[in-house]
Q: 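Have a look at the structure that comes next, please.
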Amino acid sequence: MSDVIVRVAARGDGITENGRHAPLAAPGDTLTSEGQVIPGPHHQAPPCRHFPTCGGCQLQHLDDDSYAGFITDRIAGALAAQGLTADIRPPLLSPPRTRRRAALQAEAKGGRIRIGFSEGSSHALVDLQECWILTPTLFALVAPLRGLLARFLKGNRRARLNLTEADQGIDLLIEGIEAEGLEAAEAITEFCQRHGVARLAIDNGLGPETRWEPEPVTITLAGVPVPMPHNAFLQATREGEAVLVMAVREAVGQAGTIADLFSGLGTFALALPGRVYAAEAARDAILSLKAAGARTGRQLFADHRDLFRRPLATAECDRFDAIVLDPPRAGAREQVVQLAEAKTPSIAYVSCNPSSFARDAEILCKGGYLLEWIQPVGQFRWSTHVELAARFSR
């Protein structure tokens, strides 16, 4: 007896109506009694040779329609678990090869350097020969990096490579190696000059130490160049960032006074109208935002504040016409508890975790807020990672 796959679960398995699971199955596929998956209309040929071994992608076998459906189902399921519903808009997906920030692993094995993502649920490394999610600029650095790391990675050691596309070129932070002496310095300088690296830093356990940065590295947000700390958080794709900024601006409207909480480098603060109060616990990030804001001449106050330990009190929230929340995966429960009792007319909530978002949304709704709409964003192409922006109103 055969069953039809009706949806894809949170970890990527296809599920039939009667609860049978099948890896690498898409909605519309047929699952035979022997466990064989017969591809249906939404099952595409994965474009990358490394799929499904590489842990960088889990869903390359889904076409865009079924991938968008997976994102919507994840959000709807998280809301339903809290007894909530909302208008969920069609997801906006970032195209292939647009990921501008990535963390790769490198290891010396069998006399050669391997660089790539780990296999799913494994420490085994997939040596990338192609990549359908990284920007061409980032991927082009992988092969040259093998040559550079051959000098510094010996035995069975591993290193972590943090790559980001900045305004001046690639920002590269290498963790887990030591590169001392004149020969090492010359090799790093020659590598950076040849391959257009804007900054190279090494962290051997004591914090990043810059080895190459001919001019200060910045990232432009809302048209403003912002000084970029080492390995600073940045939205994964430019397309995803643009969608989230657009959704946040829609959610706050023409509010005159806005608080941007968990502001980071200012992805939203610098794009908002009116007077903006920005709070962030990461010291380097908030100092960068403060410097960028000062250059613009805008009314922007940047506050170094840990919102988990010292959230804005309800009375403080009442001072704002709108509040933007963009917390880490754990959500913003401590802040939301205070905000639920506030009179703030509108809230824009950006989340990278539907479950913690739904938990916080339930607290806000119990406090009298209405969850008006949710804009899903698929900027981690072909992964099970889901992001969204939402609007709450009093």
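Small disclaimer: the values here were computed from a predicted structure and weren't measured.
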Q: Passes salt bridge (Lys or Arg N to Asp or Glu O under 4.0 Å), Glu241 versus Arg100? Steps please.
A: CA-CA 11 Å; Glu241 177 186 286; Arg100 62 176 173 179; 2.6 Å; yes
Q: Could you check whether Gln338 and Thr314, counting side-chain N and O atoms only, form a donor-acceptor pair closer than 3.5 Å?
A: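 Distance-only check passes for Thr314 and Gln338.
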Q: Would you mind telling me which of Asn231, Leu163, Asp171 makes a side-chain contact (heavy atoms from CB on, under 4.5 Å) with Arg101?
A: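 Result for side-chain contact (heavy atoms from CB on, under 4.5 Å) with Arg101: Asn231.
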Q: Check for a donor-acceptor pair, side chain of Arg199 on one end and backbone N or O of Gly169 on the other, with a separation under 3.5 Å.
A: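 The answer is no, because no donor-acceptor pair under 3.5 Å joins these two groups.
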Q: Can you name the closest pair of heavy atoms from Asp303 and Ile286 and give their distance?
A: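 Heavy atoms of Asp303 and Ile286 come nearest at O-CG1, 3.6 Å.
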Q: Is any side-chain heavy atom of Leu388 closer than 4.5 Å to a side-chain heavy atom of Phe357?
A: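 Of all side-chain heavy-atom pairs linking Phe357 with Leu388, at least one is under 4.5 Å.
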Q: Testing the 3.5 Å rule here: is there a donor-acceptor pair between the side chains of Asn18 and Thr16?
A: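 Per modelled atom types, Asn18 and Thr16 side chains form a pair under 3.5 Å.
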Q: Do the side-chain N and O atoms of Asp260 and Tyr277 include a donor-acceptor pair separated by under 3.5 angstrom?
A: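 The criterion, which ignores hydrogens and geometry beyond distance, is not satisfied for Tyr277 and Asp260.
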Q: Between Thr135 and Glu165, is there a side-chain donor-acceptor contact under 3.5 Å, judged purely by atom types and distance?
A: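 The criterion, which ignores hydrogens and geometry beyond distance, is satisfied for Thr135 and Glu165.
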Q: With no hydrogens and no angle check, just 3.5 Å: does a side-chain donor-acceptor pair link Asp167 and Thr220?
A: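 Looking only at side-chain atoms, Thr220 and Asp167 do form a donor-acceptor pair, the distance falling under 3.5 Å.
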Q: If we only count heavy atoms from C-beta on, is the Phe268 to Val350 side-chain gap below 4.5 Å?
A: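 When only atoms from C-beta onward are counted, Val350 and Phe268 do touch, with a gap below 4.5 Å.
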Q: So how far is it from Gln299 CD to Thr257 OG1, rounded to the nearest 0.5 Å?
A: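 Answer for the CD-OG1 pair, Gln299 versus Thr257, is 8.5 Å.
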Q: Give the C-alpha distance, both sets of side-chain angles, the deciding distance and a yes or no for side chain to side chain contact (heavy atoms under 4.5 Å, CB included) between Leu145 and Phe191.
A: CA-CA 9 Å; Leu145 272 169; Phe191 173 84; 3.7 Å; yes
Q: Does the Arg114 side chain pair with the main chain of Leu125, one donor and one acceptor, at a distance under 3.5 Å?
A: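 Checking the backbone N and O of Leu125 against the side chain of Arg114, a donor-acceptor pair under 3.5 Å is found.
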Q: Pairs in or reaching into residues 77-90: which pass salt bridge (charged side-chain N to carboxylate O under 4.0 Å, His left out), with residues at least two apart or in two chains?
A: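 Listed by first then second residue: Arg89-Glu250.
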Q: If only atom types and distance count, is the side chain of Arg157 paired as donor or acceptor with the main-chain N or O of Ala106 below 3.5 Å?
A: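 A pair under 3.5 Å: no.
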Q: Can you find a side-chain donor-acceptor pair between Glu239 and Gln379 that sits under 3.5 Å?
A: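 There is no such pair between these side chains.
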Q: Could you check whether any side-chain N or O of Thr210 sits under 3.5 Å from a backbone N or O of Trp212, counting only pairs where one atom can act as donor and the other as acceptor?
A: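 No; judged by distance alone, with no hydrogens or angles, the pair does not exist.
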Q: Do we get Arg394 above Tyr369's six-membered ring, with its NZ or CZ under 6.0 Å from the centre and within 45° of the axis?
A: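 So Arg394 does make the cation-pi contact.
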Q: How close do Phe51 and Cys57 get, heavy atom to heavy atom, and via which atoms?
A: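 Shortest heavy-atom contact: CE1-O, 3.8 Å.
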Q: Are side-chain heavy atoms of Pro96 and Trp382 found at a separation under 4.5 Å?
A: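 A side-chain contact exists here, since the closest heavy-atom pair is under 4.5 Å.
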Q: Main chain of Cys48, side chain of Gln60: is a donor-acceptor contact present, judged purely on distance under 3.5 Å?
A: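 Checked: pair present.
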Q: Closer than 3.5 angstrom, by distance alone: can the side chain of Arg275 be matched with the main-chain N or O of Ile258 as a donor-acceptor pair?
A: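 Side chain of Arg275 to backbone of Ile258: no pair is present.
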Q: Do Glu107 and Arg112 meet the salt-bridge criterion of a basic N to acidic O distance under 4.0 Å?
A: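 No salt bridge links Arg112 with Glu107.
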Q: Starting from the C-alpha separation in whole Å, work towards a yes-or-no answer on side chain to side chain contact (heavy atoms under 4.5 Å, CB included) for Ile5 and Thr30.
A: CA-CA 6 Å; Ile5 301 295; Thr30 300; over 6 Å; no
Q: Output yes when a side-chain donor or acceptor of Asp284 lies under 3.5 Å from a complementary backbone atom of Pro229, and no otherwise.
A: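 No, because the side chain of Asp284 does not come within donor-acceptor range (under 3.5 Å) of the backbone of Pro229.
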Q: Name all pairs fulfilling the salt bridge (charged side-chain N to carboxylate O under 4.0 Å, His left out) condition that reach into residues 135-155, sequence neighbours left out, sorted by first residue then second.
A: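 For residues 135-155: Asp127-Arg146.
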Q: Of all heavy-atom pairs between Gly240 and Val377, which one has the smallest distance, and what is that distance?
A: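 The pair with the smallest heavy-atom distance is CA-CG1, 4.1 Å.
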Q: Between Pro27 and Val6, is there a side-chain heavy-atom distance shorter than 4.5 Å?
A: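 Side-chain contact under 4.5 Å: no.
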Q: Is it true that the side chains of Trp132 and Glu130 contain a donor and an acceptor less than 3.5 Å apart?
A: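 On atom types as modelled, these side chains qualify, holding a pair under 3.5 Å.
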Q: If hydrophobic clusters are built from ILVMFWY residues whose side chains come within less than 4.5 Å, do Leu172 and Ile202 share one?
A: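 Result: yes, single cluster for both.
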Q: Are side-chain heavy atoms of Pro327 and Tyr349 found at a separation under 4.5 Å?
A: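 The answer is yes, as the side chains (C-beta and beyond) meet within the 4.5 Å cut-off.
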Q: Measure the shortest side-chain to side-chain distance between Gln335 and Leu312 over non-hydrogen atoms and say whether it is less than 4.5 angstrom.
A: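 Contact flag for Gln335/Leu312 side chains = yes.
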Q: According to a hydrophobic-cluster definition based on side-chain heavy atoms being under 4.5 Å apart (Ile, Leu, Val, Met, Phe, Trp, Tyr only), do Leu200 and Met228 belong together?
A: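 Different clusters.
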Q: Provide the closest heavy-atom pair for Pro225 versus Arg295 in the form atom of the first, atom of the second, distance.
A: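 Residues Pro225 and Arg295, closest heavy atoms: O-NH2, 2.6 Å.
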Q: Once rounded to the nearest 0.5 Å, what's the spacing between atom CG of Leu270 and atom CG of Leu289?
A: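 One gets 5.5 Å once the value is rounded to the nearest 0.5 Å.
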Q: Does the pair Arg283/Asp306 count as a salt bridge with the N-to-O cut at 4.0 Å?
A: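 No, Arg283 and Asp306 are not salt-bridged.
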Q: Examine the side chains of Thr237 and Ser94 and answer whether a donor and an acceptor come within less than 3.5 Å of each other.
A: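 A pair is found: one side chain offers a donor N or O, the other an acceptor, under 3.5 Å apart.
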Q: Check the pair Ser66, His43 against side-chain hydrogen bond (donor to acceptor under 3.5 Å, both in side chains), reporting the backbone distance first and the verdict last.
A: CA-CA 8 Å; Ser66 55; His43 194 127; over 6 Å; no
Q: Do Asp73 and Val8 have side chains that get closer than 4.5 Å, going by heavy atoms?
A: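 Asp73 does not reach Val8 side chain to side chain.
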Q: So, Gln375 side chain and Pro90 main chain: donor-acceptor pair closer than 3.5 Å or not?
A: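 Yes, because the side chain of Gln375 sits within donor-acceptor range (under 3.5 Å) of the backbone of Pro90.
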Q: If we only count heavy atoms from C-beta on, is the Leu234 to Ile219 side-chain gap below 4.5 Å?
A: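 Touching, per the 4.5 Å side-chain cut-off.
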Q: Taking CZ in Arg49 as the centre, count heavy atoms belonging to other residues, nucleotides or ligands within less than 6.0 Å. Is the count above 12?
A: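 Counting other residues, nucleotides and ligands, CZ of Arg49 exceeds 12 neighbours.
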Q: Counting distance only, does the side-chain N/O of Gln168 pair as donor-acceptor with the main-chain N or O of Thr218 below 3.5 Å?
A: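 Pair found, side chain donor or acceptor close to backbone of Thr218.
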Q: For Glu316, which of Lys343, Arg305, Arg310 qualifies under salt bridge (Lys or Arg N to Asp or Glu O under 4.0 Å)?
A: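 The passing option is Arg305.
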Q: Check for a donor-acceptor pair, side chain of Thr296 on one end and backbone N or O of Arg298 on the other, with a separation under 3.5 Å.
A: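 Such a contact is found between Thr296 side chain and Arg298 backbone.
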Q: So Tyr67 and Phe70, would you call those rings parallel, tilted or perpendicular, with 30° and 60° as cut-offs?
A: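 Tyr67 vs Phe70 ring planes: parallel.
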Q: Between Ser393 and Glu372, is there a side-chain donor-acceptor contact under 3.5 Å, judged purely by atom types and distance?
A: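 Indeed, the side chains of Glu372 and Ser393 share at least one donor-acceptor pair under 3.5 Å.
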Q: Using every non-hydrogen atom in the two residues, find where Asp203 and Leu206 come nearest and quote the distance to one decimal.
A: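 For Asp203 and Leu206, the tightest heavy-atom pair comes out as OD1-N, 3.3 Å.
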